[in-house]
Amino acid sequence: MAQYIQDVHDVARMIPPGRVTSYGAIAKFLGLGSARMPGWAMYQTVSGHDIPAHRVVNSKGELSGRHHFATPTLMQELLEAEGVQVRNNKIVNFKEVFWSPLEILN
DNA sequence: ACCGTGACGTGTC
DNA sequence: TGACACGCCACGG
């Protein structure tokens with residue numbers, strides 16, 4: 001498996017519960033050329049690796065990856081279970097719950 | 001090797 | 001604002 005996929009998964013595991021980040025933020029953090037790469041990496045997510053893929057959304061706070069979960073509503077349910085408000089497949093107060101991987105350096 | 005596709009993001013109109 | 005175009009890059013057929 002490609003190394004950058006491992007890196008993306010590692011970053012995803014660093015996301016604190018109740019917070020979310022974006023594919024672009026991960027791409028920037030890892031120095032990847034395209035935001036599509038984290039997206040593809042999450043697509044490679046294997047169950048049993050403890051990867052909170054539901055905490056990664058696009059730059060608008062939309063749950064663009066919900067169709068890749070067991071059920072289309074699972075992603076929203078997992079987020080709401082952590083206290084993240086979701087409305088119309090979009091995260092409410094996205095700016096407030098957004099978490100940048102750069103914060104891990106503090 | 002070529003082409004279409006995609007859990008994306010930014011710039012235009 | 002919102003729809004659309006384009007750049008981006010890995011992967012499968």
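The sequence lines fix the lettering, A, B, ..., with proteins before strands; numbering per chain opens at 1.
- The side chain to side chain contact (heavy atoms under 4.5 Å, CB included) check on Ala81(A) picks up nothing, with sequence neighbours excluded.
- In this structure, the CZ atom of Phe29(A) is 17 Å from the P atom of dG9(B), given to the nearest Å.
- Among residues at least two apart or in separate chains, side-chain hydrogen bond (donor to acceptor under 3.5 Å, both in side chains) pairs with a member in residues 74-88 of chain A are His54(A)-Glu82(A), Arg55(A)-Glu82(A), Thr73(A)-Glu77(A), Gln76(A)-Glu80(A).
- Using a 4.0 Å cut-off on heavy atoms, the residues of residues 53-76 of chain A that approach DNA chain B are Ala53(A), Asn58(A), Ser59(A), Ser64(A), Gly65(A), His68(A), Phe69(A), listed by number.
- Here the shortest heavy-atom pairing between Gly65(A) and Met75(A) reads C-SD, 4.1 Å.
- Shown here are the ring pair (Phe, Tyr, Trp, His ring centres under 6.0 Å) partners of His68(A), two or more places apart in sequence or in another chain: Tyr43(A).
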Cut-off 3.5 Å, no hydrogens considered: what does the side-chain donor-acceptor table look like for residues 89-98 of chain A, sequence neighbours left out?
none

Per-residue pairing states of DNA chain C in dot-bracket (Watson-Crick or G-U under 3.5 Å; . unpaired, | other strand) read .||||||.|||||

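- The shortest side-chain heavy-atom distance between Val20(A) and Ile15(A) does not fall under the 4.5 Å cut-off.
- Listed in residue order, the members of residues 79-99 of chain A having a heavy atom less than 4.0 Å from DNA chain B come to none.
- To the nearest 0.5 Å, atoms CD (Gln6(A)) and CD (Gln44(A)) are separated by 11.0 Å.
- Sorted by first then second residue, the salt bridge (Lys or Arg N to Asp or Glu O under 4.0 Å) pairs that include residues 56-73 of chain A, not counting sequence neighbours, number zero.
- Arg13(A) pairs by the salt bridge (charged side-chain N to carboxylate O under 4.0 Å, His left out) definition with Asp10(A), not counting sequence neighbours.
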For a quick check, with a 4.0 angstrom heavy-atom cut-off, what is the B/S/- contact string for nucleotides 7-13 of chain C, read 5' to 3'? BBSSS--

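- Taking the side chain as every heavy atom from C-beta outward, Ile104(A) and Val11(A) never approach each other to under 4.5 Å.
- Taken residue by residue, residues 14-26 of chain A places heavy atoms nearer than 4.0 Å to DNA chain B at Ser22(A), Tyr23(A), Gly24(A).
- By the rule that hydrophobic residues join a cluster once side-chain heavy atoms approach within less than 4.5 Å of another member, Met14(A) and Ile5(A) end up as members of one cluster.
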Side-chain donor-acceptor pairs under 3.5 Å in residues 21-32 of chain A, sequence neighbours left out?
{"residue": "Thr21(A)", "atom": "OG1", "partner": "Trp99(A)", "partner atom": "O", "Å": "2.8"}
{"residue": "Ser22(A)", "atom": "OG", "partner": "Ala25(A)", "partner atom": "N", "Å": "3.1"}
{"residue": "Tyr23(A)", "atom": "OH", "partner": "Val56(A)", "partner atom": "O", "Å": "3.3"}

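- Neither Leu78(A) nor Met42(A) shares a network with the other; the hydrophobic side chains, linked directly or stepwise wherever heavy atoms of I, L, V, M, F, W or Y lie under 4.5 Å apart, form separate groups for each.
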